[in-house]
**Student:** 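Mind looking over this structure? Questions follow.
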Amino acid sequence: ILINDDGSVIAQATGFHLKRMQAVRNNKLIDSLLCQEWAPRPLVKEYAAGHCETWLLVGTDNALEQGLRDRGDTVRVEDPEQEFAPLLAGVDGVVLLSGKCDAALRILQSMSSGRLWFVTKPGEVEQSPLHGLGLVIRQEQPEVICTSVEVHSTEELLDELRFADDEVRVRWRDGVRYVARIRRAERPVLSEPGLRTEATYLITGGLGALGLQTAKMLVTHGARHLVLTGRSGVGGREAAIRGLEKLGAEVVVVPADISK
């Protein structure tokens with residue numbers, strides 16, 4: 001269900017249809033795979049026209065606050081729990097230091113334009129949603145130029161704010177600045193599964209349609225001993241099991257509920 005701001009339903013899915021895809025020829029699908037990489041991109045340390053001079057810091061970083069004041073900027077520090085709409089008048093740049101996603105959303109709901117930074121530290125996995133939110137903002141709210149930046153030190157962050165460019169994701173490592181880039185992924189090297197004929201392979205849910213297909217694939221590639229588990233037991237799947245045995249496999253069926 002999709003709803004708008006006042007809670008009215010815009011669209012509702014009442015069902016879905018599954019269709020088997022045709023086999024992809026010439027590996028076009030594999031050749032279309034993309035991946036993210038981090039590419040070095042130093043800051044151009046020249047003031048651009050319209051650089052920020054009035055700041056709202058959401059969260060506390062005394063060294064950052066003092067560094068901005070030392071260059072003559074105006075700085076206001078607020079708690080992440082504040083309502084931000086009345087605080088943004090005359091502000092050029094907003095820096096979220098707390099890493100709180102709820103604060104990020106409330107800031108975005110209050111901003112109509114301007115610069116916004118989400119600041120995180122390396123290893124702060126719980127703040128990962130902010131990076132995804134930063135990517136979405138560029139599409140959904142392009143008037144707000146948002147950058148998510150991962151820094152080790154206040155000096156790195158000061159440089160990032162002082163000489164800001166239009167990068168969406170930035171990461172500092174050992175004093176080097178990296179930016180996110182999308183490139184074509186290398187084609188994976190596909191190999192046959194290394195199955196051992198003397199080993200026994202357990203397939204949970206092995207009596208369902210997907211489980212039986214998995215069992216057939218294993219037997220086709222050399223497995224000779226299977227244990228299939230399922231809550232309902234054999235229940236009409238005798239033909240499929242006999243088919244596995246005809247391919248040379250020993251199949252043991254164990255009625256079991258692995259969730260208990």
**Student:** Between Asn62 and Gln66, do the side chains contain a donor N or O and an acceptor N or O under 3.5 Å apart?
**Tutor:**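 Absent: no donor and acceptor within the cut-off.
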
**Student:** Would you mind checking if Asp102 and Lys100 are paired as a salt bridge, meaning a charged N to carboxylate O distance below 4.0 Å?
**Tutor:**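 No.
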
**Student:** Could you walk me through whether Val119 and Leu130 pass the side chain to side chain contact (heavy atoms under 4.5 Å, CB included) check?
**Tutor:** CA-CA 9 Å; Val119 181; Leu130 288 175; over 6 Å; no

**Student:** Measure from the side-chain N and O atoms of Gln141 to the backbone N and O of Leu108, and report whether any donor-acceptor pair falls under 3.5 Å.
**Tutor:**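 At least one qualifying donor-acceptor pair exists.
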
**Student:** Check the surroundings of atom CD in Gln36: do more than 12 heavy atoms from other residues, nucleotides or ligands lie under 6.0 Å from it?
**Tutor:**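 Count over threshold, so yes.
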
**Student:** Just verifying a value: how many Å separate Leu133 CG and Arg138 CZ, rounded to the nearest 0.5 Å?
**Tutor:**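 So the gap between those two atoms works out to 12.5 Å.
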
**Student:** Before you tell me yes or no, could you show the steps for Leu68 and Arg71 under side chain to side chain contact (heavy atoms under 4.5 Å, CB included), namely the whole-Å CA-CA distance, both residues' side-chain angles and the distance that decides it to 0.1 Å?
**Tutor:** CA-CA 6 Å; Leu68 292 172; Arg71 76 180 195 188; 4.0 Å; yes

**Student:** From Leu88 CG over to Ser112 OG, what is the distance, rounded to the nearest 0.5 angstrom?
**Tutor:**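 Reported value, rounded in 0.5 Å steps: 8.5 Å.
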
**Student:** For Arg69, is there an ion pair with Glu65 - N to carboxylate O distance below 4.0 angstrom?
**Tutor:**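 Arg69 and Glu65: salt-bridged.
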
**Student:** May I ask whether Val77 and Leu158 are part of the same hydrophobic cluster, defined by side-chain heavy atoms of I, L, V, M, F, W, Y residues being less than 4.5 angstrom apart, directly or through others?
**Tutor:**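 They do share one cluster, since a chain of ILVMFWY contacts under 4.5 Å joins Val77 to Leu158.
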
**Student:** Donor-acceptor pair, distance only, cut-off 3.5 Å: does the side chain of Arg231 make one with the backbone of Asp257?
**Tutor:**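 Side chain of Arg231 to backbone of Asp257, a donor-acceptor pair under 3.5 Å: no, none is there.
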
**Student:** Test Leu207 against Val253 for side chain to side chain contact (heavy atoms under 4.5 Å, CB included), laying out the working first.
**Tutor:** CA-CA 8 Å; Leu207 297 172; Val253 176; 3.8 Å; yes

**Student:** Where is the tightest heavy-atom contact between Arg41 and Val179, given as atom of each residue plus distance?
**Tutor:**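 Heavy atoms of Arg41 and Val179 come nearest at CB-CG2, 3.8 Å.
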
**Student:** Between the side chains of Thr54 and Arg76, does any donor sit under 3.5 Å from an acceptor?
**Tutor:**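 Their side chains do not contain a donor-acceptor pair, so the 3.5 Å distance test is not met.
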
**Student:** Testing the basics here: between Val219 and Ala249, what is the closest heavy-atom pair and its distance to 0.1 Å?
**Tutor:**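 Looking at all heavy atoms of both residues, the shortest contact is CG2-CB, 3.6 Å.
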
**Student:** Taking CG in Asp6 as the centre, count heavy atoms belonging to other residues, nucleotides or ligands within less than 6.0 Å. Is the count above 12?
**Tutor:**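 It does: Asp6 CG has more than 12 such atoms within range.
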
**Student:** Roughly how far, to the nearest 0.5 Å, is the CD atom of Glu83 from the CD atom of Gln109?
**Tutor:**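 Result: 9.0 Å between the selected atoms.
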
**Student:** Inspect the surroundings of CZ in Arg196 and state if more than 12 heavy atoms from other residues, nucleotides or ligands are less than 6.0 Å away.
**Tutor:**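 No, the 6.0 Å shell around CZ holds no more than 12 heavy atoms from other groups.
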
**Student:** Could you report the tightest heavy-atom contact between Arg162 and Gly67, atom names first, then the distance?
**Tutor:**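 Minimum heavy-atom separation between Arg162 and Gly67: NH2-O, 4.4 Å.
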
**Student:** Looking at every heavy atom in both Glu167 and Asp165, which two are closest together, and how far apart are they?
**Tutor:**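 Looking at all heavy atoms of both residues, the shortest contact is N-OD1, 3.2 Å.
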
**Student:** What's the shortest heavy-atom distance between Ser113 and Met111, and which atoms?
**Tutor:**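 Heavy-atom minimum between the residues: O-CE, 3.3 Å.
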
**Student:** Please check if Leu105 and Leu87 belong to a single hydrophobic cluster, counting links between Ile, Leu, Val, Met, Phe, Trp and Tyr side chain heavy atoms closer than 4.5 Å.
**Tutor:**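 Yes; Leu87 is reachable from Leu105 via cluster members.
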
**Student:** Do Arg173 and Trp38 have side chains that approach each other closer than 4.5 Å (heavy atoms only, starting at C-beta)?
**Tutor:**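 Not touching, per the 4.5 Å side-chain cut-off.
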
**Student:** Do Val94 and Trp117 have side chains that get closer than 4.5 Å, going by heavy atoms?
**Tutor:**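 Not in contact.
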
**Student:** Say whether Val144 and Val136 are linked into one hydrophobic cluster, either directly or through other cluster members, by side-chain heavy-atom distances under 4.5 angstrom.
**Tutor:**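 They do not share one cluster, since no chain of ILVMFWY contacts under 4.5 Å joins Val144 to Val136.
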
**Student:** Answer yes or no: is there a donor N or O on one side and an acceptor on the other, between the side chain of Ser110 and the main chain of Arg106, under 3.5 Å?
**Tutor:**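 Yes.
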
**Student:** Side-chain contact, heavy-atom cut-off 4.5 Å: Pro40 with Arg177?
**Tutor:**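 With C-beta onward as the side chain, the pair stays apart.
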
**Student:** Checking Trp55 against Asp92 for the side chain to side chain contact (heavy atoms under 4.5 Å, CB included) test, could you report, in this order, the C-alpha distance in whole Å, the side-chain angles of both residues, the deciding distance, and whether it holds?
**Tutor:** CA-CA 6 Å; Trp55 300 90; Asp92 301 323; over 6 Å; no

**Student:** Here's a test for you: under side chain to side chain contact (heavy atoms under 4.5 Å, CB included), which of Val151, Leu43, Thr154 qualifies with Asp159?
**Tutor:**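 Of the listed options, the one satisfying the test is Leu43.
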
**Student:** Kindly compute the distance separating CG (Leu210) from OG1 (Thr214), expressed to the nearest 0.5 Å.
**Tutor:**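 Taking CG in Leu210 and OG1 in Thr214, the distance rounds to 4.5 Å.
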
**Student:** Is any side-chain heavy atom of Arg169 closer than 4.5 Å to a side-chain heavy atom of Thr147?
**Tutor:**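 Arg169 vs Thr147: side chains apart.
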
**Student:** Taking side chain as C-beta onward, heavy atoms only, is Leu228 less than 4.5 Å from Val251?
**Tutor:**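 Yes - at least one pair of side-chain heavy atoms lies under 4.5 Å apart.
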
**Student:** Are any of the side-chain heavy atoms of Val254 and Val227 separated by less than 4.5 Å?
**Tutor:**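 Of all side-chain heavy-atom pairs linking Val227 with Val254, at least one is under 4.5 Å.
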
**Student:** Find the distance between SG (Cys101) and CG (Leu96) and round it off to the nearest 0.5 Å.
**Tutor:**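 Separation between the atoms: 8.5 Å.
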
**Student:** Can you get from Val91 to Leu161 by hopping between Ile, Leu, Val, Met, Phe, Trp and Tyr side chains that sit under 4.5 Å apart?
**Tutor:**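 No, no single cluster joins them.
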
**Student:** Apply salt bridge (Lys or Arg N to Asp or Glu O under 4.0 Å) to Arg171 and Glu156, showing your working.
**Tutor:** CA-CA 10 Å; Arg171 171 185 289 178; Glu156 292 170 347; over 6 Å; no

**Student:** Any non-hydrogen side-chain atom of Val58 less than 4.5 Å from a side-chain atom of Val95?
**Tutor:**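 Result no, sub-4.5 Å side-chain heavy-atom pair not found.
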
**Student:** To the nearest 0.5 Å, tell me how far Thr74 OG1 sits from Glu53 CD.
**Tutor:**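 Going from OG1 on Thr74 over to CD on Glu53, the span is 8.0 Å.
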
**Student:** Determine, for Lys121 against Glu150, whether the closest basic-nitrogen to carboxylate-oxygen distance falls under 4.0 angstrom.
**Tutor:**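 Judged by the 4.0 Å cut-off on N to carboxylate O distance, Lys121 and Glu150 do not form a salt bridge.
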
**Student:** Looking only at heavy atoms, what is the nearest atom pair of Gln127 and Ser98, with distance?
**Tutor:**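 Between these two residues, the closest heavy atoms are NE2-O, 3.8 Å.
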
**Student:** Given side chains that start at C-beta, do those of Leu116 and Ile145 come closer than 4.5 Å, heavy atoms only?
**Tutor:**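 In short, these two side chains do not touch, never coming nearer than 4.5 Å.
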
**Student:** In terms of hydrophobic clusters joined by side-chain contacts under 4.5 Å, are Leu135 and Phe118 together?
**Tutor:**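 Looking at the clustering, Phe118 is in a separate group from Leu135.
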
**Student:** Is the count of non-hydrogen atoms from other residues, nucleotides or ligands lying under 6.0 Å from Gln213 atom CD greater than 12?
**Tutor:**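 No, because the 6.0 Å sphere around CD of Gln213 holds 12 heavy atoms or fewer from other groups.
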
